[in-house]
Amino acid sequence: MRMKRERIWKVKKFAAAVACWLLAMACAGCVSARLVLAEEAGAGAGGSVAEDEQPLTEEEESPGTYTMEEGWCLDEELSTEEEEVYRLETSEEGQETSTISCSYLETNYSRQDYEQLRDMLTNNLLYDNVNAQITTSAVYTLSMDYLYIILVDDSSEEYCDIYHYVVGDYQCFCVQVREYRAEADLAEAQELDTPREVGQKVAEGFVWKD
């Protein structure tokens, strides 16, 4: 009887050991599977984040594209994140010279509301330049977008300002030209484009991305 009980106990002990071993193997498999899944999830998430965190290029950030004429270079001292300012390559930084500034302006007007936008832009410049003569004109860009041009000419100054607005949906591409009269006269004498002519070409060649 005692031997039978000992045999039964040994069998139970062996069965328990086998059960423990099977449970340990199962747990090890679960842990291994979880590690693999975690690594795959981490790799996938890492790839996604890496792609999302890649900085946009300047071209991707900009709502449109334009080309500056030859003979003009970027003035890094005057330029900001919102505005790129160009000057004649023959001039030096800090020198009082003609400049062409390119930037974007958010508005409350769509392309179809260009007349209201035109009136708002004109009135703003009239209020800001009470001593200047204001002349307006309008053409179309090469992409057939409405291009509104405002000339602000104060005879007491050595320069005049010309504003070009390429109308988009709730935004404008702005090309502002500060043209020194002496440099404009010199360009005409040399049969070259004046700063205002260069600025208008930049505006006319502008293309919205949408």
Side-chain angles (χ1 to χ4, degrees), residues 54-122 124-125 128 134-153 159-180 183-184 186-188 190-210:
Q54 287 180 354
L56 295 175
T57 64
E58 184 175 344
E59 184 176 349
E60 289 172 333
E61 291 177 343
S62 173
T65 58
Y66 67 90
T67 302
M68 182 57 59
E69 295 285 301
E70 292 184 1
W72 293 78
C73 61
L74 184 68
D75 190 319
E76 296 183 356
E77 183 177 339
L78 296 178
S79 297
T80 64
E81 290 184 1
E82 294 77 24
E83 181 180 49
E84 292 185 334
V85 182
Y86 298 85
R87 58 178 173 80
L88 288 165
E89 290 180 348
T90 54
S91 63
E92 298 179 359
E93 288 191 7
Q95 175 186 344
E96 285 194 347
T97 183
S98 299
T99 56
I100 300 176
S101 305
C102 299
S103 61
Y104 294 91
L105 171 68
E106 293 185 356
T107 74
N108 295 322
Y109 304 95
S110 67
R111 280 185 170 93
Q112 288 71 31
D113 299 327
Y114 68 89
E115 292 182 349
Q116 294 93 315
L117 175 63
R118 178 190 62 197
D119 294 341
M120 183 271 291
L121 294 170
T122 305
N124 287 347
L125 288 174
D128 294 338
I134 306 293
T135 305
T136 65
S137 59
V139 295
Y140 286 95
T141 68
L142 299 178
S143 299
M144 297 308 295
D145 287 306
Y146 185 77
L147 171 58
Y148 186 50
I149 304 171
I150 308 176
L151 168 64
V152 180
D153 191 355
Y159 58 81
C160 62
D161 291 321
I162 308 96
Y163 299 84
H164 307 77
Y165 298 97
V166 181
V167 178
D169 278 326
Y170 306 103
Q171 61 184 333
C172 288
F173 173 63
C174 310
V175 179
Q176 179 183 349
V177 180
R178 171 154 291 185
E179 180 184 75
Y180 279 81
E183 291 180 341
L186 179 61
E188 289 180 347
Q190 297 176 343
E191 298 183 349
L192 300 173
D193 287 338
T194 62
R196 75 176 68 186
E197 290 171 337
V198 173
Q200 184 162 335
K201 284 184 178 181
V202 172
E204 289 178 344
F206 176 80
V207 179
W208 292 107
K209 287 185 178 178
D210 54 2

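Keep in mind the model is a prediction, meaning the values are calculated, not measured.
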Side-chain touch [X]/[Y], heavy atoms, less than 4.5 angstrom:
| X | Y | result |
| --- | --- | --- |
| Glu179 | Tyr159 | no |
| Glu82 | Ser103 | no |
| Arg196 | Cys160 | yes |
| Cys73 | Arg87 | yes |
| Tyr165 | Leu147 | no |
| Glu115 | Arg118 | yes |
| Thr99 | Val177 | no |
| Val175 | Ile100 | yes |

Scan side-chain atoms only and decide if [X] and [Y] contain a donor-acceptor pair under the 3.5 Å cut-off.
| X | Y | result |
| --- | --- | --- |
| Ser110 | Asp113 | yes |
| Ser98 | Glu183 | yes |
| Tyr148 | Thr122 | yes |

Drop me the distance from [X]'s [atom1] to [Y]'s [atom2], to the nearest 0.5 angstrom.
| X | Y | atom1 | atom2 | value |
| --- | --- | --- | --- | --- |
| Tyr163 | Leu151 | OH | CG | 10.5 Å |
| Leu121 | Tyr114 | CG | OH | 14.0 Å |
| Glu89 | Glu70 | CD | CD | 8.5 Å |
| Ile149 | Thr136 | CD1 | OG1 | 10.0 Å |
| Glu83 | Gln176 | CD | CD | 7.0 Å |
| Leu117 | Tyr170 | CG | OH | 12.0 Å |

Quiz prompt | From CA spacing to verdict: side-chain contact (heavy atoms from CB on, under 4.5 Å), Ile162, Val152 | solution = CA-CA 6 Å; Ile162 308 96; Val152 180; over 6 Å; no
Quiz prompt | Chi angles and distances behind the side-chain contact (heavy atoms from CB on, under 4.5 Å) call for Thr107, Leu105 | solution = CA-CA 6 Å; Thr107 74; Leu105 171 68; 4.2 Å; yes
Practice problem: For atom CD of Glu96, decide whether the heavy atoms of other residues, nucleotides or ligands shown that lie under 6.0 angstrom number more than 12. | Solution: no
Quiz prompt | side-chain contact (heavy atoms from CB on, under 4.5 Å) assessment of Ile150 paired with Thr135 | solution = CA-CA 6 Å; Ile150 308 176; Thr135 305; over 6 Å; no
Considering non-hydrogen atoms only, spot the tightest contact between [X] and [Y] and give its length.
| X | Y | result |
| --- | --- | --- |
| Ala187 | Asp193 | CB-O, 3.7 Å |
| Ser62 | Gly64 | OG-O, 2.6 Å |
| Asp169 | Gln112 | OD1-OE1, 4.3 Å |

Quiz item: Is there a donor-acceptor pair closer than 3.5 Å between any side-chain N or O of Gln200 and the backbone N or O of Glu197?
Solution: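 It does not hold such a pair.
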Quiz item: Can you pull the ring pair (Phe, Tyr, Trp, His ring centres under 6.0 Å) pairs that have at least one residue in residues 74-109, sequence neighbours excluded?
Solution: Tyr104-Phe173
Exercise. Give the ring-plane orientation class for Trp208 versus Phe206, where under 30° counts as parallel, over 60° as perpendicular and anything between as tilted.
Key: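 The rings of Trp208 and Phe206 stand perpendicular, inter-plane angle above 60°.
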Quiz item: Should Thr67 and Lys201 be marked as a side-chain contact (heavy atoms from CB on, under 4.5 Å) after you check the CA-CA gap, both sets of side-chain angles, and the distance that decides it?
Solution: CA-CA 9 Å; Thr67 302; Lys201 284 184 178 181; over 6 Å; no
Quiz item: Which pairs with one or both residues in residues 138-151 pass salt bridge (charged side-chain N to carboxylate O under 4.0 Å, His left out), sequence neighbours excluded?
Solution: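 The answer is Arg111-Asp145.
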